[in-house]
Amino acid sequence: MTSTVTRHGPDERQSASGPEPAGEPRGGRSGFAWLVRLPSAAVHGLRRSAGTTPGRLTLIGVGLVLLALLAGTVAGIQLGERKSTIDGLADHREPLTAAAQEVYRSLSDADATAAGTLLDAASDGNALRDRYDVDIARAGAALAKAASASAGNPQAVSQVDVLSRQLPVYTGLVETARTNSRQGNPVGAAYLAEASQLMRSEILPAAKTLYEIEVERLSEEQDDAESVPWLTGLLALALLAALIVTQVYIKRRTNRVLNVGLLVATIAVGVAVLWAAVAVTFQSVLVGSGRSSGTEQTDVMVRARIAALQARADETLTLLARGNGTAYEEEYRSSIRRLSGPNGDGGLLGEARDGTEGLPAADHVEAAVRSAGAWREVHGQVRNFDNGGRYEDAVELAIQTEGDEGATAAFTRLDSDLARGIADSRQLFLDDTTNASRALTLLSPGFAVLSLVAMLGSILGIRERLREYR
(Lines give C-alpha, C1' and ligand atoms only; values in the text may rest on other atoms or scores of the structure.)
Protein backbone atom coordinates (compact mmCIF):
# COMPACT_ATOMS: atom_id res chain seq x y z
CA MET A 1 0.00 0.00 0.00
CA THR A 2 1.28 3.35 -0.91
CA SER A 3 1.00 5.99 1.85
CA THR A 4 0.18 9.52 0.91
CA VAL A 5 2.02 12.34 2.69
CA THR A 6 0.21 15.61 2.80
CA ARG A 7 2.48 18.63 3.02
CA HIS A 8 1.21 21.81 4.58
CA GLY A 9 2.51 25.31 4.15
CA PRO A 10 3.81 27.27 7.07
CA ASP A 11 0.41 28.74 7.73
CA GLU A 12 -1.36 25.40 7.53
CA ARG A 13 0.66 23.47 10.15
CA GLN A 14 -1.18 22.34 13.23
CA SER A 15 -0.05 20.77 16.44
CA ALA A 16 -0.90 17.21 17.24
CA SER A 17 -3.53 18.32 19.68
CA GLY A 18 -5.28 20.74 17.38
CA PRO A 19 -4.99 24.28 16.08
CA GLU A 20 -2.62 26.79 17.72
CA PRO A 21 -4.19 29.23 20.16
CA ALA A 22 -5.03 32.50 18.55
CA GLY A 23 -2.72 34.55 20.83
CA GLU A 24 0.39 32.35 20.48
CA PRO A 25 3.24 33.30 18.11
CA ARG A 26 3.60 31.35 14.97
CA GLY A 27 5.84 28.33 14.96
CA GLY A 28 4.46 27.03 18.28
CA ARG A 29 6.75 29.25 20.39
CA SER A 30 5.69 30.60 23.78
CA GLY A 31 4.80 34.28 24.23
CA PHE A 32 7.92 34.64 26.41
CA ALA A 33 10.01 34.52 23.25
CA TRP A 34 9.01 38.11 22.64
CA LEU A 35 10.51 39.06 25.99
CA VAL A 36 13.73 37.34 25.03
CA ARG A 37 13.88 39.32 21.82
CA LEU A 38 13.15 42.67 23.50
CA PRO A 39 16.71 43.37 24.78
CA SER A 40 18.26 42.59 21.44
CA ALA A 41 15.66 44.80 19.75
CA ALA A 42 16.43 47.62 22.19
CA VAL A 43 20.15 47.26 21.57
CA HIS A 44 19.53 47.27 17.84
CA GLY A 45 17.41 50.41 18.18
CA LEU A 46 20.06 52.17 20.26
CA ARG A 47 22.76 51.16 17.83
CA ARG A 48 20.72 52.48 14.92
CA SER A 49 19.97 55.71 16.79
CA ALA A 50 23.63 56.17 17.71
CA GLY A 51 24.49 56.00 14.04
CA THR A 52 23.16 59.51 13.54
CA THR A 53 24.32 62.73 15.13
CA PRO A 54 20.86 63.65 16.52
CA GLY A 55 20.56 60.18 17.97
CA ARG A 56 23.95 60.41 19.61
CA LEU A 57 23.13 63.83 21.07
CA THR A 58 19.87 62.47 22.46
CA LEU A 59 21.65 59.56 24.14
CA ILE A 60 24.29 61.92 25.53
CA GLY A 61 21.58 64.21 26.92
CA VAL A 62 19.77 61.32 28.62
CA GLY A 63 23.04 60.10 30.10
CA LEU A 64 23.91 63.54 31.48
CA VAL A 65 20.46 63.93 33.04
CA LEU A 66 20.59 60.51 34.70
CA LEU A 67 24.14 61.09 35.97
CA ALA A 68 23.21 64.51 37.38
CA LEU A 69 20.15 63.02 39.07
CA LEU A 70 22.21 60.20 40.58
CA ALA A 71 24.99 62.52 41.76
CA GLY A 72 22.51 64.95 43.36
CA THR A 73 20.59 62.18 45.10
CA VAL A 74 23.66 60.42 46.48
CA ALA A 75 25.25 63.71 47.58
CA GLY A 76 22.06 64.82 49.30
CA ILE A 77 21.86 61.56 51.25
CA GLN A 78 25.56 61.24 52.15
CA LEU A 79 26.15 64.87 53.07
CA GLY A 80 22.89 65.06 55.00
CA GLU A 81 23.79 61.96 57.01
CA ARG A 82 27.26 63.37 57.61
CA LYS A 83 25.88 66.56 59.14
CA SER A 84 23.44 64.55 61.26
CA THR A 85 26.33 62.44 62.55
CA ILE A 86 28.32 65.52 63.54
CA ASP A 87 25.31 67.11 65.24
CA GLY A 88 24.76 63.84 67.10
CA LEU A 89 28.35 63.90 68.37
CA ALA A 90 27.81 67.16 70.22
CA ASP A 91 24.15 66.73 71.17
CA HIS A 92 23.95 63.04 72.01
CA ARG A 93 27.04 60.87 71.91
CA GLU A 94 29.52 63.03 73.87
CA PRO A 95 27.00 63.82 76.65
CA LEU A 96 26.33 60.09 77.03
CA THR A 97 30.06 59.45 77.25
CA ALA A 98 30.27 62.17 79.90
CA ALA A 99 27.40 60.50 81.79
CA ALA A 100 29.24 57.17 81.80
CA GLN A 101 32.38 58.98 82.95
CA GLU A 102 30.39 60.63 85.75
CA VAL A 103 29.15 57.23 86.93
CA TYR A 104 32.75 55.98 87.08
CA ARG A 105 34.09 59.12 88.78
CA SER A 106 31.27 59.57 91.29
CA LEU A 107 31.46 55.95 92.45
CA SER A 108 35.24 56.16 92.81
CA ASP A 109 34.87 59.37 94.81
CA ALA A 110 32.13 57.79 96.93
CA ASP A 111 34.47 54.92 97.79
CA ALA A 112 37.22 57.32 98.84
CA THR A 113 34.84 59.60 100.73
CA ALA A 114 33.15 56.75 102.61
CA ALA A 115 36.52 55.69 104.01
CA GLY A 116 37.27 59.28 104.96
CA THR A 117 33.95 59.50 106.79
CA LEU A 118 35.01 56.81 109.23
CA LEU A 119 38.52 58.15 109.55
CA ASP A 120 37.16 61.61 110.41
CA ALA A 121 34.53 60.29 112.82
CA ALA A 122 35.98 62.38 115.67
CA SER A 123 34.81 65.58 113.95
CA ASP A 124 31.47 63.96 113.06
CA GLY A 125 32.47 63.98 109.37
CA ASN A 126 29.39 65.93 108.23
CA ALA A 127 31.09 67.45 105.18
CA LEU A 128 32.38 64.07 104.02
CA ARG A 129 29.00 62.43 104.53
CA ASP A 130 27.37 65.15 102.46
CA ARG A 131 29.93 64.65 99.73
CA TYR A 132 29.34 60.89 99.79
CA ASP A 133 25.57 61.39 99.49
CA VAL A 134 26.07 63.79 96.56
CA ASP A 135 28.35 61.27 94.85
CA ILE A 136 25.76 58.49 95.13
CA ALA A 137 23.00 60.80 93.86
CA ARG A 138 25.11 61.92 90.89
CA ALA A 139 26.07 58.34 90.07
CA GLY A 140 22.40 57.32 90.11
CA ALA A 141 21.33 60.18 87.83
CA ALA A 142 24.21 59.59 85.40
CA LEU A 143 23.51 55.85 85.41
CA ALA A 144 19.88 56.47 84.45
CA LYS A 145 21.02 58.64 81.53
CA ALA A 146 23.60 56.09 80.38
CA ALA A 147 21.07 53.26 80.70
CA SER A 148 18.66 55.08 78.37
CA ALA A 149 21.21 54.75 75.56
CA SER A 150 22.36 51.20 76.30
CA ALA A 151 19.44 49.49 74.53
CA GLY A 152 20.66 47.50 71.57
CA ASN A 153 24.10 46.93 73.06
CA PRO A 154 24.07 43.72 75.13
CA GLN A 155 27.43 44.44 76.71
CA ALA A 156 26.33 47.88 77.89
CA VAL A 157 23.03 46.47 79.17
CA SER A 158 24.97 43.88 81.16
CA GLN A 159 27.14 46.52 82.86
CA VAL A 160 24.12 48.68 83.69
CA ASP A 161 22.47 45.63 85.24
CA VAL A 162 25.50 44.96 87.45
CA LEU A 163 25.57 48.58 88.60
CA SER A 164 21.83 48.65 89.29
CA ARG A 165 21.97 45.48 91.38
CA GLN A 166 25.18 46.04 93.32
CA LEU A 167 24.99 49.76 94.08
CA PRO A 168 22.17 49.34 96.67
CA VAL A 169 24.18 46.54 98.31
CA TYR A 170 27.20 48.81 98.53
CA THR A 171 25.28 51.72 100.05
CA GLY A 172 23.73 49.34 102.57
CA LEU A 173 27.15 48.13 103.70
CA VAL A 174 28.42 51.70 104.01
CA GLU A 175 25.40 52.67 106.12
CA THR A 176 25.99 49.67 108.37
CA ALA A 177 29.61 50.72 108.75
CA ARG A 178 28.53 54.24 109.66
CA THR A 179 26.05 52.97 112.26
CA ASN A 180 28.64 50.77 113.94
CA SER A 181 31.22 53.54 113.85
CA ARG A 182 28.85 55.98 115.57
CA GLN A 183 28.27 53.37 118.27
CA GLY A 184 32.01 52.89 118.72
CA ASN A 185 32.03 49.34 117.37
CA PRO A 186 35.32 48.43 115.65
CA VAL A 187 33.39 46.19 113.25
CA GLY A 188 32.46 49.33 111.33
CA ALA A 189 35.84 49.28 109.62
CA ALA A 190 35.24 45.67 108.58
CA TYR A 191 31.92 46.56 106.98
CA LEU A 192 33.55 49.44 105.17
CA ALA A 193 36.33 47.16 103.92
CA GLU A 194 33.67 44.76 102.60
CA ALA A 195 31.88 47.63 100.88
CA SER A 196 35.12 48.85 99.31
CA GLN A 197 35.91 45.33 98.13
CA LEU A 198 32.49 45.10 96.45
CA MET A 199 33.06 48.49 94.85
CA ARG A 200 36.46 47.51 93.46
CA SER A 201 35.68 43.96 92.42
CA GLU A 202 32.29 44.44 90.73
CA ILE A 203 30.92 47.98 90.68
CA LEU A 204 33.93 49.98 89.43
CA PRO A 205 34.90 47.38 86.80
CA ALA A 206 31.32 47.55 85.45
CA ALA A 207 31.41 51.36 85.48
CA LYS A 208 34.78 51.33 83.72
CA THR A 209 33.53 48.93 81.04
CA LEU A 210 30.43 51.06 80.48
CA TYR A 211 32.60 54.14 80.10
CA GLU A 212 34.92 52.36 77.65
CA ILE A 213 31.92 51.24 75.58
CA GLU A 214 30.71 54.83 75.30
CA VAL A 215 34.22 56.06 74.44
CA GLU A 216 34.40 53.45 71.67
CA ARG A 217 31.00 54.50 70.31
CA LEU A 218 32.12 58.12 70.31
CA SER A 219 35.31 57.19 68.47
CA GLU A 220 33.39 55.21 65.84
CA GLU A 221 31.08 58.13 65.11
CA GLN A 222 34.07 60.46 64.87
CA ASP A 223 35.60 58.04 62.34
CA ASP A 224 32.39 58.23 60.30
CA ALA A 225 32.44 62.02 60.45
CA GLU A 226 36.07 62.15 59.28
CA SER A 227 35.69 59.65 56.44
CA VAL A 228 35.77 60.79 52.80
CA PRO A 229 32.41 60.61 50.92
CA TRP A 230 33.99 58.75 48.04
CA LEU A 231 30.80 57.89 46.15
CA THR A 232 29.63 61.51 46.10
CA GLY A 233 33.06 62.68 44.97
CA LEU A 234 33.39 60.10 42.20
CA LEU A 235 29.89 60.76 40.83
CA ALA A 236 30.38 64.53 40.89
CA LEU A 237 33.76 64.31 39.15
CA ALA A 238 32.32 61.87 36.61
CA LEU A 239 29.50 64.31 35.85
CA LEU A 240 31.93 67.21 35.52
CA ALA A 241 34.15 65.19 33.17
CA ALA A 242 31.13 64.09 31.11
CA LEU A 243 29.98 67.67 30.66
CA ILE A 244 33.42 68.79 29.53
CA VAL A 245 33.79 65.87 27.10
CA THR A 246 30.29 66.56 25.73
CA GLN A 247 31.14 70.19 25.00
CA VAL A 248 34.35 69.19 23.25
CA TYR A 249 32.41 66.64 21.16
CA ILE A 250 29.72 69.16 20.18
CA LYS A 251 32.35 71.77 19.25
CA ARG A 252 34.05 69.31 16.92
CA ARG A 253 30.77 68.17 15.32
CA THR A 254 29.09 71.54 14.96
CA ASN A 255 31.95 74.06 15.10
CA ARG A 256 30.00 75.91 17.78
CA VAL A 257 32.42 77.23 20.42
CA LEU A 258 29.84 78.07 23.07
CA ASN A 259 26.85 76.11 24.36
CA VAL A 260 25.17 78.18 27.06
CA GLY A 261 23.16 75.35 28.59
CA LEU A 262 26.08 72.96 28.93
CA LEU A 263 28.34 75.79 30.13
CA VAL A 264 25.88 76.66 32.91
CA ALA A 265 25.65 72.98 33.84
CA THR A 266 29.44 72.69 33.96
CA ILE A 267 29.78 75.78 36.15
CA ALA A 268 27.06 74.49 38.50
CA VAL A 269 28.77 71.14 38.92
CA GLY A 270 32.17 72.81 39.31
CA VAL A 271 30.80 75.03 42.08
CA ALA A 272 29.22 72.00 43.79
CA VAL A 273 32.48 70.02 43.65
CA LEU A 274 34.56 72.93 44.95
CA TRP A 275 32.06 73.78 47.69
CA ALA A 276 31.83 70.17 48.84
CA ALA A 277 35.62 69.67 48.75
CA VAL A 278 36.33 72.78 50.84
CA ALA A 279 33.48 72.20 53.31
CA VAL A 280 34.17 68.49 53.85
CA THR A 281 37.93 69.07 54.23
CA PHE A 282 37.38 71.90 56.72
CA GLN A 283 34.82 69.83 58.61
CA SER A 284 37.08 66.76 58.75
CA VAL A 285 39.96 68.84 60.12
CA LEU A 286 37.73 70.29 62.84
CA VAL A 287 36.33 66.89 63.83
CA GLY A 288 39.89 65.53 63.99
CA SER A 289 40.95 68.48 66.12
CA GLY A 290 38.00 67.94 68.44
CA ARG A 291 39.05 64.33 68.83
CA SER A 292 42.80 64.80 69.36
CA SER A 293 42.64 67.97 71.47
CA GLY A 294 39.28 67.35 73.09
CA THR A 295 37.96 63.85 73.65
CA GLU A 296 41.32 62.06 73.70
CA GLN A 297 42.76 64.45 76.29
CA THR A 298 39.53 64.30 78.29
CA ASP A 299 39.86 60.53 78.41
CA VAL A 300 43.45 60.72 79.68
CA MET A 301 42.50 63.18 82.43
CA VAL A 302 39.43 61.14 83.40
CA ARG A 303 41.62 58.07 83.86
CA ALA A 304 44.11 60.16 85.85
CA ARG A 305 41.32 61.43 88.08
CA ILE A 306 40.03 57.90 88.69
CA ALA A 307 43.55 56.71 89.59
CA ALA A 308 43.86 59.58 92.09
CA LEU A 309 40.51 58.74 93.66
CA GLN A 310 41.45 55.08 94.02
CA ALA A 311 44.79 56.06 95.56
CA ARG A 312 42.96 58.31 98.03
CA ALA A 313 40.63 55.47 99.06
CA ASP A 314 43.60 53.13 99.59
CA GLU A 315 45.45 55.77 101.62
CA THR A 316 42.46 56.11 103.94
CA LEU A 317 41.79 52.36 104.21
CA THR A 318 45.43 51.79 105.12
CA LEU A 319 44.98 53.99 108.19
CA LEU A 320 41.62 52.43 109.08
CA ALA A 321 43.26 48.98 109.05
CA ARG A 322 45.53 50.11 111.95
CA GLY A 323 48.69 48.23 111.07
CA ASN A 324 47.04 45.62 108.81
CA GLY A 325 46.81 47.75 105.71
CA THR A 326 49.81 46.51 103.75
CA ALA A 327 47.62 45.39 100.86
CA TYR A 328 45.93 48.80 100.69
CA GLU A 329 49.29 50.55 100.72
CA GLU A 330 50.43 48.42 97.79
CA GLU A 331 47.27 49.38 95.91
CA TYR A 332 47.97 53.02 96.70
CA ARG A 333 51.45 52.79 95.22
CA SER A 334 50.10 51.06 92.12
CA SER A 335 47.51 53.80 91.59
CA ILE A 336 50.09 56.55 92.13
CA ARG A 337 52.41 54.97 89.58
CA ARG A 338 49.56 54.97 87.06
CA LEU A 339 48.84 58.56 87.96
CA SER A 340 52.29 60.13 87.79
CA GLY A 341 54.85 57.41 87.08
CA PRO A 342 57.55 56.01 89.39
CA ASN A 343 59.33 59.35 89.74
CA GLY A 344 56.37 61.71 89.61
CA ASP A 345 57.06 62.99 86.07
CA GLY A 346 55.24 60.45 83.91
CA GLY A 347 52.16 58.27 84.01
CA LEU A 348 48.76 59.60 83.00
CA LEU A 349 49.60 63.10 84.16
CA GLY A 350 52.73 63.11 82.01
CA GLU A 351 50.67 61.91 79.04
CA ALA A 352 48.10 64.63 79.67
CA ARG A 353 50.82 67.27 79.96
CA ASP A 354 52.27 66.28 76.58
CA GLY A 355 48.86 66.07 74.94
CA THR A 356 47.53 69.40 76.18
CA GLU A 357 50.62 71.48 75.40
CA GLY A 358 49.45 74.76 73.92
CA LEU A 359 45.79 74.02 74.75
CA PRO A 360 43.51 75.68 77.32
CA ALA A 361 43.81 72.71 79.70
CA ALA A 362 47.63 72.89 79.84
CA ASP A 363 47.79 75.17 82.91
CA HIS A 364 45.40 72.96 84.85
CA VAL A 365 47.41 69.84 84.02
CA GLU A 366 50.62 71.53 85.17
CA ALA A 367 48.90 72.47 88.42
CA ALA A 368 47.71 68.86 88.79
CA VAL A 369 51.29 67.61 88.38
CA ARG A 370 52.42 69.92 91.19
CA SER A 371 49.51 68.89 93.42
CA ALA A 372 50.28 65.21 92.83
CA GLY A 373 53.91 65.80 93.85
CA ALA A 374 52.83 67.58 97.03
CA TRP A 375 50.42 64.75 97.84
CA ARG A 376 53.15 62.13 97.46
CA GLU A 377 55.32 64.03 99.92
CA VAL A 378 52.53 64.36 102.48
CA HIS A 379 51.69 60.67 102.09
CA GLY A 380 55.28 59.81 102.93
CA GLN A 381 54.96 61.78 106.16
CA VAL A 382 51.65 60.07 106.98
CA ARG A 383 53.25 56.65 106.57
CA ASN A 384 56.21 57.67 108.70
CA PHE A 385 53.89 58.78 111.51
CA ASP A 386 51.78 55.63 111.26
CA ASN A 387 54.74 53.25 111.10
CA GLY A 388 56.38 55.12 113.99
CA GLY A 389 53.45 54.55 116.32
CA ARG A 390 52.05 58.08 115.97
CA TYR A 391 48.66 57.01 114.65
CA GLU A 392 46.73 60.08 115.75
CA ASP A 393 49.26 62.38 114.11
CA ALA A 394 49.05 60.29 110.93
CA VAL A 395 45.26 60.57 110.88
CA GLU A 396 45.41 64.30 111.57
CA LEU A 397 47.83 64.86 108.69
CA ALA A 398 45.78 62.64 106.38
CA ILE A 399 42.46 64.42 106.96
CA GLN A 400 43.80 67.96 107.27
CA THR A 401 42.06 70.27 104.82
CA GLU A 402 43.44 73.63 105.93
CA GLY A 403 46.56 75.12 104.35
CA ASP A 404 48.88 73.21 102.06
CA GLU A 405 50.14 70.51 104.39
CA GLY A 406 47.37 67.91 104.68
CA ALA A 407 46.92 64.93 102.36
CA THR A 408 43.24 65.76 101.91
CA ALA A 409 44.10 69.34 100.91
CA ALA A 410 46.67 68.15 98.33
CA PHE A 411 44.31 65.53 96.93
CA THR A 412 41.45 68.05 96.72
CA ARG A 413 43.63 70.45 94.73
CA LEU A 414 44.68 67.65 92.40
CA ASP A 415 41.07 66.58 91.84
CA SER A 416 39.96 70.17 91.21
CA ASP A 417 42.81 70.79 88.75
CA LEU A 418 41.88 67.71 86.75
CA ALA A 419 38.17 68.60 86.83
CA ARG A 420 38.93 72.03 85.34
CA GLY A 421 41.20 70.48 82.72
CA ILE A 422 38.45 68.02 81.74
CA ALA A 423 35.93 70.86 81.46
CA ASP A 424 38.27 72.84 79.16
CA SER A 425 38.91 69.80 76.95
CA ARG A 426 35.20 69.03 76.67
CA GLN A 427 34.52 72.64 75.70
CA LEU A 428 37.24 72.46 73.05
CA PHE A 429 35.60 69.35 71.62
CA LEU A 430 32.22 71.05 71.63
CA ASP A 431 33.55 74.18 69.91
CA ASP A 432 35.38 72.25 67.18
CA THR A 433 32.48 69.88 66.54
CA THR A 434 29.93 72.70 66.40
CA ASN A 435 32.10 74.58 63.89
CA ALA A 436 32.46 71.38 61.86
CA SER A 437 28.69 71.12 61.66
CA ARG A 438 28.42 74.76 60.59
CA ALA A 439 30.86 74.08 57.75
CA LEU A 440 28.28 71.72 56.22
CA THR A 441 25.37 74.14 56.58
CA LEU A 442 23.22 74.12 53.39
CA LEU A 443 25.73 71.88 51.60
CA SER A 444 23.35 68.95 51.14
CA PRO A 445 20.41 70.95 49.74
CA GLY A 446 22.81 73.25 47.89
CA PHE A 447 24.44 70.31 46.11
CA ALA A 448 21.01 68.99 45.16
CA VAL A 449 19.97 72.37 43.72
CA LEU A 450 23.19 72.67 41.72
CA SER A 451 22.64 69.14 40.38
CA LEU A 452 19.17 70.20 39.29
CA VAL A 453 20.68 73.21 37.53
CA ALA A 454 23.11 70.83 35.80
CA MET A 455 20.18 68.66 34.67
CA LEU A 456 18.27 71.59 33.22
CA GLY A 457 21.39 73.03 31.62
CA SER A 458 22.16 69.70 29.98
CA ILE A 459 18.61 69.39 28.63
CA LEU A 460 18.57 72.91 27.22
CA GLY A 461 22.08 72.62 25.81
CA ILE A 462 21.39 69.37 23.96
CA ARG A 463 17.96 70.59 22.85
CA GLU A 464 19.55 73.68 21.30
CA ARG A 465 21.80 71.53 19.12
CA LEU A 466 19.02 69.11 18.19
CA ARG A 467 16.91 71.97 16.81
CA GLU A 468 19.52 72.51 14.13
CA TYR A 469 18.71 69.08 12.64
CA ARG A 470 15.00 69.72 12.20
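Only a predicted model underlies this, so the values are computations on that prediction, with no experimental measurement involved.
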- prompt: Given the rule in the side chain to side chain contact (heavy atoms under 4.5 Å, CB included) test, do Asp87 and His92 qualify, once you have shown the distances and angles that lead to the verdict?
  reply: CA-CA 8 Å; Asp87 290 338; His92 179 69; over 6 Å; no

field: side chain to side chain contact (heavy atoms under 4.5 Å, CB included) assessment of Leu64 paired with Ile60
entry: CA-CA 6 Å; Leu64 289 175; Ile60 290 172; 4.1 Å; yes

- request: Would you check, one step at a time, whether the test side chain to side chain contact (heavy atoms under 4.5 Å, CB included) holds for Ser425 with Phe429?
  value: CA-CA 6 Å; Ser425 293; Phe429 160 82; over 6 Å; no

task: Evaluate the criterion side-chain hydrogen bond (donor to acceptor under 3.5 Å, both in side chains) for residue pair Ser284 and Glu226; output intermediate values, then yes/no.
output: CA-CA 5 Å; Ser284 296; Glu226 289 185 81; over 6 Å; no

- prompt: Can Val280 and Val228 be said to form a side chain to side chain contact (heavy atoms under 4.5 Å, CB included), step by step?
  reply: CA-CA 8 Å; Val280 170; Val228 177; 6.0 Å; no

Derivation of the side-chain hydrogen bond (donor to acceptor under 3.5 Å, both in side chains) call for Ser106 and Asp135: CA-CA 5 Å; Ser106 294; Asp135 282 334; 4.6 Å; no

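Between Arg333 and Glu329 a salt bridge is recorded (basic side-chain N to carboxylate O distance below 4.0 Å). For Glu214 and Arg217, the salt-bridge test passes: some basic side-chain N is under 4.0 Å from an acidic carboxylate O. A salt bridge between Arg291 and Asp223 is present, with a side-chain N of the basic residue lying under 4.0 Å from a carboxylate O of the acidic one.
The 12-atom threshold is exceeded at CD of Glu330, counting heavy atoms of other residues, nucleotides or ligands nearer than 6.0 Å. With a 6.0 Å radius and a threshold of 12 heavy atoms from other residues, nucleotides or ligands, Arg200 has its CZ atom above the threshold.
With Gln297 contributing its side chain and Ser292 its backbone, the two residues share a donor-acceptor pair below 3.5 Å. Using modelled atom types, one side-chain atom of Thr266 and one backbone atom of Leu262 make a donor-acceptor pair closer than 3.5 Å. The closest donor-acceptor contact from the side chain of Ser444 to the backbone of Gly76 lies under 3.5 Å. Under a 3.5 Å cut-off, the side chain of Thr441 and the backbone N or O of Arg438 do form a donor-acceptor pair. Formation of a donor-acceptor pair under 3.5 Å by the Gln78 side chain with backbone atoms of Thr232 is found in this model. Asn343 places no side-chain N or O within donor-acceptor distance of the main-chain N or O of Asp345, the cut-off being under 3.5 Å.
For the residue pair Gly290 and Asp432, the shortest heavy atom distance occurs at N-OD2, 3.4 Å.
Of the candidates Leu430, Ile422, Leu428, Asp424, Ile422 is the only one forming a side-chain contact (heavy atoms from CB on, under 4.5 Å) with Arg426. When Asp415, Thr412, Thr408 are each tested for a side-chain hydrogen bond (donor to acceptor under 3.5 Å, both in side chains) with Arg312, only one passes: Thr408.
Interatomic distance, CG of Asp431 versus OG of Ser293, reported as 11.5 Å (0.5 Å rounding). Annotation: the span from Thr295 atom OG1 to Leu89 atom CG amounts to 9.0 Å, rounded to 0.5 Å. Distance CG/Asp299 to CD/Glu296: 8.5 Å, rounded to 0.5 Å. Interatomic distance, CD1 of Ile136 versus CG of Leu167, reported as 5.0 Å (0.5 Å rounding).
Using a 4.5 Å cut-off on side-chain heavy atoms (C-beta onward), Val302 and Arg105 make no contact. With a 4.5 Å cut-off on side-chain heavy atoms, Thr433 and Leu286 do not count as touching.
Using modelled atom types and a 3.5 Å distance limit, the side chains of Ser108 and Arg305 yield no donor-acceptor pair. Using modelled atom types and a 3.5 Å distance limit, the side chains of Gln310 and Asp314 yield no donor-acceptor pair. Donor-acceptor pairing under 3.5 Å is recorded for the side chains of Gln283 and Arg82.
Taking the six-membered ring for Trp and thresholds of 30 and 60 degrees, Tyr211 and Tyr104 have ring planes inclined between 30 and 60 degrees apart.
Applying the side chain to side chain contact (heavy atoms under 4.5 Å, CB included) rule to Ala362 yields the partners Thr356; only residues at least two apart in sequence or on another chain are considered.
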